[in-house]
Amino acid sequence: MKTDWYKLDSAGKLYASTVTSRVSTVFRLSVNLYISIDGELLQEALEETLEEVASFKVVVKRGVFWYYFEKTTSLPVVTKEYYYPCSNLFFRGRNTFPYRVLYYNKKISLELSHMLTDGTGGIEFLKLLVKNYLRKEGLVSESVSEDKKDYNLDNAFFQHYEKVVPSYQETLDKAYKIPIRLDKRGVYHVTTGNVKTQAIKNLAKQHQTSITTYLLALYAETLIEIQRMNSDKKRPISINVPVNLRSFFDSDTLQNFFVSVPITIDPRLGTYSFQDIIEAISIDLKRFVNEKQLKTLIARSVRGERNMLLRSLPLFVKDWISPMVHARFGENYYTSSISNLGLIALEQEVEEHIERFEFYPPPSIGNKIKVGLISHKANMYITFGSLSNDSLVERMFFRKLVREGIHVKIETNRSAY
Amino acid sequence: MAYCPKCGVSVEKDQIPCPLCYTYIPKVLSDEELSDANGFPAYYSLYENLLHFFIRSVYRVLCVLLILGFLVPTIVDLSLNGELTWSLYSSLSVLMSWSFLHVFFGYVKRMRNKLTVLIAAASIGLIGFDSIDGYAGWSVEIAIPIVVLTVLLFLANIAIYRVNVSWLRQSGYIIFSLLILCIGIEFILRIYLHEEDVFIQSAGDVILSIIIGAVLLLASYTVPEKWKEKLKRKFHI
């Protein structure tokens with residue numbers, strides 16, 4: 001039977017209720033072209049893309065116990081950028097699209113709520129959108145997006161959940177929090193550092209490690225230094241690293257399919273040299289990022305959502321307690337998060353017209369600063385999303401990179417600009 | 001390309017502070033290079049307008065209620081008695097409340113102006129209440145001195161709080177301020193009632209507070225190192 005509604009996936013269900021004025025759970029993927037964007041053509045391109053990916057033609061509705069997506073015949077409207085990046089999508093009720101498409105000069109931005117999809121799903125949609133837009137502009141041939149994939153909104157967590165696998169059990173200590181003051185509600189500062197991927201790769205090679213591990217270590221070192229400067233009492237530095245499960249388990253879903261892996265460095269155990277940090281992080285990553293261990297994290301996500309007590313609470317109660325539970329038991333164990341979307345590649349014909357991709361992480365009150373990484377062509381874009389006007393972390397991190405001999409170009413929406 | 005001399009990072013625009021450390025970056029870019037950047041629009045917060053709108057709406061609703069609170073008693077009083085009698089009290093209360101609301105909703109800027117408006121409203125209100133039923137004098141002789149004394153002590157405590165060295169000292173000063181307030185009120189009342197003995201009658205009751213306050217202040221100002229060491233030795237856990 002053809003249904004006209006979808007359930008949210010296991011992670012999305014939990015994300016949906018945590019939305020508050022500070023925690024929008026909205027992240028942004030944007031693409032810069034070499035030409036100025038025409039709003040009308042973009043609207044047409046969006047409509048065409050939604051025909052291809054019909055599972056995105058949905059609005060968020062309230063059920064008695066959970067939110068759900070309902071298919072709709074109405075269409076989202078592209079608008080010029082006006083509000084801060086990653087602004088809340090649902091602040092006037094929830095009968096809206098779980099994403100928005102914006103444009104400014106040469107940039108097309110797609111802002112998605114985490115209840116719909118994760119970074120990988122979002123990138124797939126944005127790729128289609130930009131291809132359709134370039135076709136409308138007449139810059140690429142009609143045949144460019146022939147290879148139609150079978151996009152679906154299956155809950156991949158369920159498909160790969162095994163009953164015998166125990167849940168991930170380890171409990172973390174309360175993590176160190178970066179001592180910066182929150183800015184006004186709705187304000188979100190992004191600072192993007194543009195670096196050459198090859199340069200970072202060479203640096204990582206010097207330390208015999210991967211790019212992600214190297215950047216994680218550099219970030220951890222920055223956070224340890226900030227803690228040493230600012231507080232007498234030491235707490236562990238925990239960095240939340242989302243792992244895309246599509247690379248470990250076979251799935252074509254456009255819904256969320258990732259788990260968060262905690263990477264912890266505990267400065268209470270002694271002083272860490274940079275090499276020590278790299279070793280500790282490599283061990284943590286090796287320990288978690290393999291098919292067997294990831295199954296325990298999937299089991300935890302699924303069992304968390306299938307918990308009878310949680311399921312039986314009415315939605316308004318969930319909406320009320322979830323932000324508190326999320327802040328107390330979710331974000332409290334993390335200092336910050338680094339999310340790497342990896343290298344984005346398109347067909348050569350399309351690639352010629354694209355300058356870059358960017359990824360802004362979602363704002364969160366528990367982790368006031370989050371980092372998003374994305375690579376395109378020879379460049380890597382390191383974006384810090386911060387709810388504070390204090391640029392302490394960004395300054396220390398990028399200065400470290402510069403000291404290592406990397407050329408960094410900074411772009412930001414901070415007030416001085 | 002423009003560089004920050006301190007951070008060493010390159011930036012999109014020149015003649016502005018560095019986005020990371022706010023060091024001024026001199027002019028090096030040509031206009032062509034500047035126009036090439038995509039940049040960011042002037043962003044607005046989704047909540048900015050919404051919050052102001054909400055606060056303004058609440059204030060307006062309260063203002064309408066206050067106007068009703070002024071008009072209804074006045075009309076009822078006039079129609080029943082043919083002149084303004086008891087309704088003057090409610091009208092004066094409404095006027096005072098409106099002044100307070102105006103301050104609390106943030107329509108008066110700067111702390112000094114806020115305090116002035118609040119004290120002026122309170123004083124005018126008290127004198128007004130006193131003079132509605134024929135002047136009795138209690139407003140000038142009791143109420144205003146008490147208000148002035150309270151405000152002075154409050155300001156003194158704020159000043160001490162600004163340079164707060166220790167909470168022991170702050171607590172000591174707060175206890176002494178409350179004592180002074182109590183003694184002051186008693187003094188003012190006795191003067192008004194023309195009693196013979198205007199000095200404090202209840203010395204026995206306040207002696208405990210004096211001792212606690214004095215101990216706190218002494219402890220905060222002078223505890224010899226020798227004592228500290230002794231206490232540490234005896235009570236270390």
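What you see below is based on every heavy atom in this structure, not just the backbone, and it leaves out hydrogens, waters and symmetry mates.
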So which atom in A/S391 and which in B/Y22 form the shortest heavy-atom distance, rounded to 0.1 Å?
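So the two residues come closest at OG-OH, 4.1 Å.
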Under 6.0 Å from the [atom1] atom of [X], do we count more than 12 heavy atoms belonging to anything else shown?
X: B/F154; atom1: CZ; answer: no
X: A/K80; atom1: NZ; answer: no
X: B/F129; atom1: CZ; answer: yes
X: B/M111; atom1: CE; answer: no
X: B/Y161; atom1: OH; answer: no
X: A/Y34; atom1: OH; answer: yes
X: B/Y24; atom1: OH; answer: yes

Of the backbone (N, CA, C, O) and the side chain (C-beta and beyond), which part of B/A2 lies under 4.5 Å from a heavy atom of chain A, both, or neither?
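Neither part, no heavy atoms under 4.5 Å.
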What part of A/K184 lies closer than 4.5 angstrom to a heavy atom of chain B: side chain, backbone, both or neither?
side chain
Which answer fits A/T191, side chain, backbone, both or neither, if we ask what part of it has an atom under 4.5 Å from a heavy atom of chain B?
side chain
With side-chain contact (heavy atoms from CB on, under 4.5 Å) as the criterion, how do B/Y47 and A/V187 come out once you've worked through the C-alpha distance, each side chain's angles and the decisive distance to 0.1 Å?
CA-CA 9 Å; B/Y47 291 93; A/V187 176; over 6 Å; no
Ring centres under 6.0 angstrom apart (A/H189, B/Y43):
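So the answer is no for these two rings.
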What do you reckon, are the aromatic ring centroids of B/Y44 and A/Y82 less than 6.0 Å apart?
yes
Nearest 0.5 Å, please: how far is CD1 in A/I410 from SG in B/C4?
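The CD1 atom of A/I410 is 9.5 Å from SG of B/C4, to the nearest 0.5 Å.
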Donor-acceptor pair, side chain of B/S45 and main chain of A/R185, under 3.5 angstrom:
yes
Should B/F40 and A/V190 count as side-chain neighbours, where that means a heavy-atom distance under 4.5 Å?
yes
Name the one of B/V9, B/L20, B/V11 that satisfies side chain to side chain contact (heavy atoms under 4.5 Å, CB included) with A/V408?
B/V9
Under a 4.5 Å cutoff for heavy-atom pairs, which residue among B/C21, B/G8, B/C7 has the most contacts with chain A?
B/C7
